[in-house]
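A short write-up of the structure that comes next.
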Number of protein chains: 2
Amino acid sequence: MSPRDSLSRTRKGERTKENILTTALELFSKDGYEETTMRAIAESAGVSVGSAYYYFPSKEHLVQAYYMRLVKEHADAARELLEKEKTLRRRIAGVLQTKMDTLEPYHRFSPAIARQGIDPESPLNPFSNESYEARTEAIALWEEVVEGARERIHKDLRKELPEMLWLCSEGIVLYSVYDRTEGRERTRQLIDDSADLLSRLIKMAGLPLIGPVRKLVLRIMKNAAPWRVGPQL
Amino acid sequence: MSPRDSLSRTRKGERTKENILTTALELFSKDGYEETTMRAIAESAGVSVGSAYYYFPSKEHLVQAYYMRLVKEHADAARELLEKEKTLRRRIAGVLQTKMDTLEPYHRFSPAIARQGIDPESPLNPFSNESYEARTEAIALWEEVVEGARERIHKDLRKELPEMLWLCSEGIVLYSVYDRTEGRERTRQLIDDSADLLSRLIKMAGLPLIGPVRKLVLRIMKNAAPWRVGPQL
DNA sequence: GTCTATAGCCCGATAGAC
DNA sequence: GTCTATCGGGCTATAGAC
């Protein structure tokens, strides 16, 4: 078999895989996750059930593939925004708002994603070993948020801040799952208020009276962060 | 049919139901939730599959019944503790530690509970309409925590504080699902540190410079609390 | 009217032929 | 790499026992 043949085989496989994923996402957002059967996905995509399972070992893997796609999409959108905004408050709010933009088209089945993400054994869990790469990239993004901000930040805090902001962002994403308002309006309000609050707190962290509280917060972060404590958690 | 007959019938039904639930919980914690089949539960309990489904409309309902049992158990244990402790810090920590005690025996399948609890449609979701009663009772418990504490608390904050503490407690319970340390040691550490931090912040909320931040926090709480905003969220 | 048993549907997942 | 056939398990319909 010539290299060219094997290449076009691979290409064909990728197209088939892409086709199955796209079809699945359409059906998920049209009918919901539970309601969409693997048989329906396969039929709609014009392949057999066996083929669908050849590319995606389980129905959950379809959701995972979609999620990984989103992480990259969001990083691009967020970095574009960070070029323009320089205040901490606007940078925090902006990154979170672009996250909402990215998630919006598939809000219909976000509960299915959340259900998987909450399971400690699932690769979709934001704290899992399998998510290491996605998590690192996401935290790096928050590092840029902090680095590029014009505000002065207390140096002890500066080191931990990206992970703390990432954790907050995970919380807000979780909140948005429950948000049934048009265009995630309520979550967007929460984002603006939270960015206001967070930027104030970060600036306050340098004040002399705040020392003990700051130390305590950093201590909690250090002891409790599950994604750093290794296999036992 | 005499009333006595119908009473003993009902009794028998209750015993059967209890028997099925107990058997299910044993199997869940021995083999895990996913691994335990309804057929196995029915066989172990000495009833038919149909009978099991007569008492529990779905496998998830078994988990729900167990959860409701825990809520009551915890309220009793917590109130006993509140008799003894009078400082805010110890009251917060104590209520959370008793919560851990209550959850401990079934930690093995807590991920299965979390998966259901995270789903906006599930009655187990802490913010759902079906959870209204359990939620109200849980918030009432936190109200006792605040009321019975010897510390002075700023009056604007005092009104919102029980719900805020309840929300924090939900977060800590979620954290404990991921905690694989012996006896939830890491979560218990987090609880002690969090109680320290929270009691400090609550006391600080009265300081003059903190005014704008306090107002902002209360605003966020008011706008974002999903369990109060009615059917649209 | 309260409870139990059986047979079988549906769908996620797998085995194995080609 | 794709297919068909089949399995396992959650769940249901329904017929009856008491």
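All chains are named by letter (A, B, ...) in the order of the sequence lines, taking the proteins before the strands, and each is independently numbered beginning at 1. Small disclaimer: the values here were computed from a predicted structure and weren't measured.
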Footprint string (nucleotides 12-18 of chain C, 5' to 3'): B base within contact, S backbone only, - free, heavy atoms under 4.0 Å: BBB----

Separation of D:dG9 P from B:Asp31 CG (nearest whole Å): 12 Å

Any A:Lys12 side-chain N or O less than 4.0 Å from OP1/OP2 of D:dT2: yes

Flag, side chain of A:Asn19 to backbone of A:Ala45, donor-acceptor distance under 3.5 Å: yes

Nearest-Å distance for atom pair CG/C1', residues A:Asn19 and D:dT2: 14 Å

Geometric cation-pi criterion, A:Lys59 with A:Tyr33: 6.0 Å, 45°: yes

Selection from C:dA5, C:dC3, D:dT2 that lies nearest to any side-chain heavy atom of B:Ser48: C:dA5

Any donor-acceptor pair under 3.5 Å from A:Ser122 side chain to A:Asp119 backbone: no

side-chain N/O A:Tyr54 vs D:dG1 OP1/OP2, d < 4.0 Å: yes

B:Arg115/A:Glu121 salt bridge by N-O under 4.0 Å criterion: no

Ion pair check, A:Arg79 and A:Glu144, cut-off under 4.0 Å: yes

Gap between atoms CD and P, on A:Glu43 and C:dC11 respectively (whole Å): 12 Å

Short N-O contact, B:Glu104 and B:Arg184, less than 4.0 angstrom: yes

Rounded interatomic separation in angstrom, taking OH from A:Tyr55 and C1' from D:dT2: 8 Å

